[in-house]
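Since the structure comes first, as structure tokens, the remarks are kept for the end.
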Number of protein chains: 2
Amino acid sequence: MQPDRAQPDLELVHLLRATAVELGLHSSRFAQQNGMHPTDVRALIALMDARRAGEETTAGRLGATLGLNSAGTTALLDRLERAGHVRRVRAASDRRKVVVEVTDGAVGLGWAFFGPLIERSVELLRGYDAHQRAAIREFLDGVREAAAEGGHTAPG
Amino acid sequence: MQPDRAQPDLELVHLLRATAVELGLHSSRFAQQNGMHPTDVRALIALMDARRAGEETTAGRLGATLGLNSAGTTALLDRLERAGHVRRVRAASDRRKVVVEVTDGAVGLGWAFFGPLIERSVELLRGYDAHQRAAIREFLDGVREAAAEGGHTAPG
DNA sequence: GGCGAATATCTTGCTCAACGAGATAATAAG
DNA sequence: CTTATTATCTCGTTGAGCAAGATATTCGCC
């Protein structure tokens with residue numbers, strides 16, 4: 001297991017890592033441009049993912065997804081609400097619960113920033129045939145699973 | 001540009017993002033298992049990358065890479081040195097500079113944790129032909145470049 | 001060779017995200 | 001109606017990172 005084998009496959013693995021890093025930095029820029037912290041962006045993404053899946057997100061569930069304790073989750077929601085990115089709504093069914101709703105403004109902000117990147121990615125994918133897309137899908141899914149082994153943070 | 005189009009290409013973009021997130025969480029677990037913070041792991045990775053490329057890394061250069069100011073960089077190096085992951089060595093040519101060296105222990109720690117994931121990734125890649133690998137490489141590289149482009153402006 | 005400017009790192013004092021512990025409010029069980 | 005459970009919030013503390021400035025080394029100039 002030498003660290004420096006000039007192997008084409010290893011180069012691709014490094015490229016995947018570099019891409020992951022660059023995506024993280026892209027999110028950081030979004031955070032900084034809007035006076036937010038990385039955690040705030042992660043929270044908004046988690047909330048939008050849940051919304052896309054048609055699920056309600058409570059404060060506790062969001063905190064668990066992000067790996068925050070209750071105090072941190074409260075502070076996070078305070079920041080996001082103060083900035084107008086989310087609304088706290090007491091659940092009608094169980095009034096202990098606080099359902100977190102993303103505002104339209106935050107959704108628009110996210111699309112304006114991440115939209116171009118997503119569109120560019122889709123455009124890139126159009127250039128490949130079914131065989132190639134299957135390879136991309138399988139490779140990414142395989143790496144994702146391998147990385148997820150040994151500790152699970154429940155997705156939304 | 002609706003957020004919820006059930007489009008195969010969009011699914012692949014989401015998969016890439018999910019993979020990037022999972023790789024980030026994998027690094028976080030490494031950090032937590034070794035009593036480190038995310039920044040410390042980023043620093044070690046940057047140092048090992050530089051070493052792989054045969055470059056010396058000074059304190060200032062490392063801080064610039066990570067986006068830390070000098071105070072933060074000093075504190076980071078204090079943590080890493082206290083934990084035995086790096087050594088500070090005054091450069092012989094310019095004794096103002098501090099060259100940061102990763103210890104063998106830290107390298108071993110990193111390989112023990114990230115090695116299996118890298119090997120699994122290489123193994124996955126062996127299953128694809130040149131055509132498919134080219135697609136993976138081009139797609140990842142294209143997304144990386146798109147994400148690296150700074151000029152995305154959010155609406156006011 | 002000595003002096004001031006430039007460079008690289010470290011020190012000090014502060015801010016704020018996140019933690020632990022526990023309070024408060026609402027629901028569920030007996 | 002009383003007690004246990006669940007969901008969120010409050011209070012006090014820790015520590016990563018920042019801004020500003022101190023310290024140490026090198027370079028340019030004469």
Side-chain angles (χ1 to χ4, degrees), chain A residues 24-25 27-32 34-47 50 55-83 85-101 153-154, chain B residues 24-25 27-32 34-47 50 55-83 85-101:
Chain A
L25 291 175
S27 285
S28 295
R29 281 193 292 276
F30 175 70
Q32 203 156 13
N34 296 283
M36 299 165 68
H37 298 264
T39 301
D40 304 41
V41 180
R42 286 177 58 210
L44 285 181
I45 291 175
L47 288 168
E55 293 168 2
E56 282 192 336
T57 305
T58 64
R61 184 154 189 71
L62 177 63
T65 301
L66 301 177
L68 296 181
N69 71 2
S70 63
T73 303
T74 297
L76 166 71
L77 290 178
D78 285 349
R79 289 196 302 274
L80 290 176
E81 194 165 46
R82 206 180 312 124
H85 297 319
V86 305
R87 266 187 305 271
R88 278 173 164 110
V89 181
R90 284 278 169 189
S93 60
D94 183 343
R95 290 182 48 77
R96 293 170 304 183
K97 292 183 181 173
V98 167
V99 175
V100 184
E101 291 177 355
T153 307
Chain B
L25 291 174
S27 284
S28 295
R29 282 193 291 276
F30 175 70
Q32 203 156 14
N34 296 283
M36 298 164 69
H37 298 265
T39 300
D40 304 43
V41 179
R42 286 177 58 210
L44 286 180
I45 290 175
L47 288 168
E55 294 167 2
E56 281 193 337
T57 306
T58 64
R61 183 156 189 72
L62 178 63
T65 301
L66 301 177
L68 296 181
N69 71 1
S70 64
T73 303
T74 297
L76 166 70
L77 290 178
D78 285 349
R79 290 197 300 274
L80 290 176
E81 195 165 43
R82 205 180 313 125
H85 297 319
V86 305
R87 265 186 306 270
R88 278 173 164 110
V89 180
R90 284 278 168 187
S93 60
D94 183 344
R95 290 181 51 75
R96 292 171 302 184
K97 291 182 181 173
V98 167
V99 174
V100 185
E101 291 177 354

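Heavy-atom basis, side chains included; hydrogens, waters and symmetry copies ignored. Here is how names work: the chains are called A, B, and so on, in the same order as the sequence lines, proteins then strands, and each is numbered from 1.
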Discussion item. Distance check, rounded to the nearest 0.5 Å: A/Asn34 atom CG versus A/His85 atom NE2?
Written reply: 6.0 Å
Worksheet item: Considering only heavy atoms and no angle criterion, is a donor-acceptor pair shorter than 3.5 Å present between the side chain of A/Arg96 and the base of D/dT6?
Response: yes
Worksheet entry | A/Leu80 side chain reached by A/Val100 side chain, heavy atoms, under 4.5 Å | no
Worksheet item: Tell me, do A/Arg88 and A/Asp78 make a side-chain contact under 4.5 Å, heavy atoms counted?
Response: yes
Worksheet entry | CD/A/Glu101: more than 12 non-hydrogen atoms of other groups inside 6.0 Å | yes
Worksheet, complete the sentence: Expected string for nucleotides 9-18 of chain D under the B/S/- scheme (protein heavy atoms, under 4.0 Å, primed atoms plus P, OP1, OP2 as sugar-phosphate) is BBB----SSB
Response to the item:
Nt span of DNA chain C in reach of chain A heavy atoms at under 4.0 Å, 5' end first, is C/dA17 to C/dT27
Fill in: Within-4.5 Å side-chain heavy-atom neighbours: A/Leu76 and A/Leu66
yes
Worksheet item: More than 12 heavy atoms of other residues, nucleotides or ligands under 6.0 Å from CZ of B/Arg79: is that the case?
Response: yes
Practice prompt. Check side-chain contact (heavy atoms from CB on, under 4.5 Å) between A/Ala91 and all other residues, then give those that pass, not counting sequence neighbours.
Written response: A/Ser93, A/Lys97, A/Val99
Worksheet item: Less than 4.5 Å apart, any side-chain heavy atom of A/Leu68 and any of A/Leu62?
Response: no
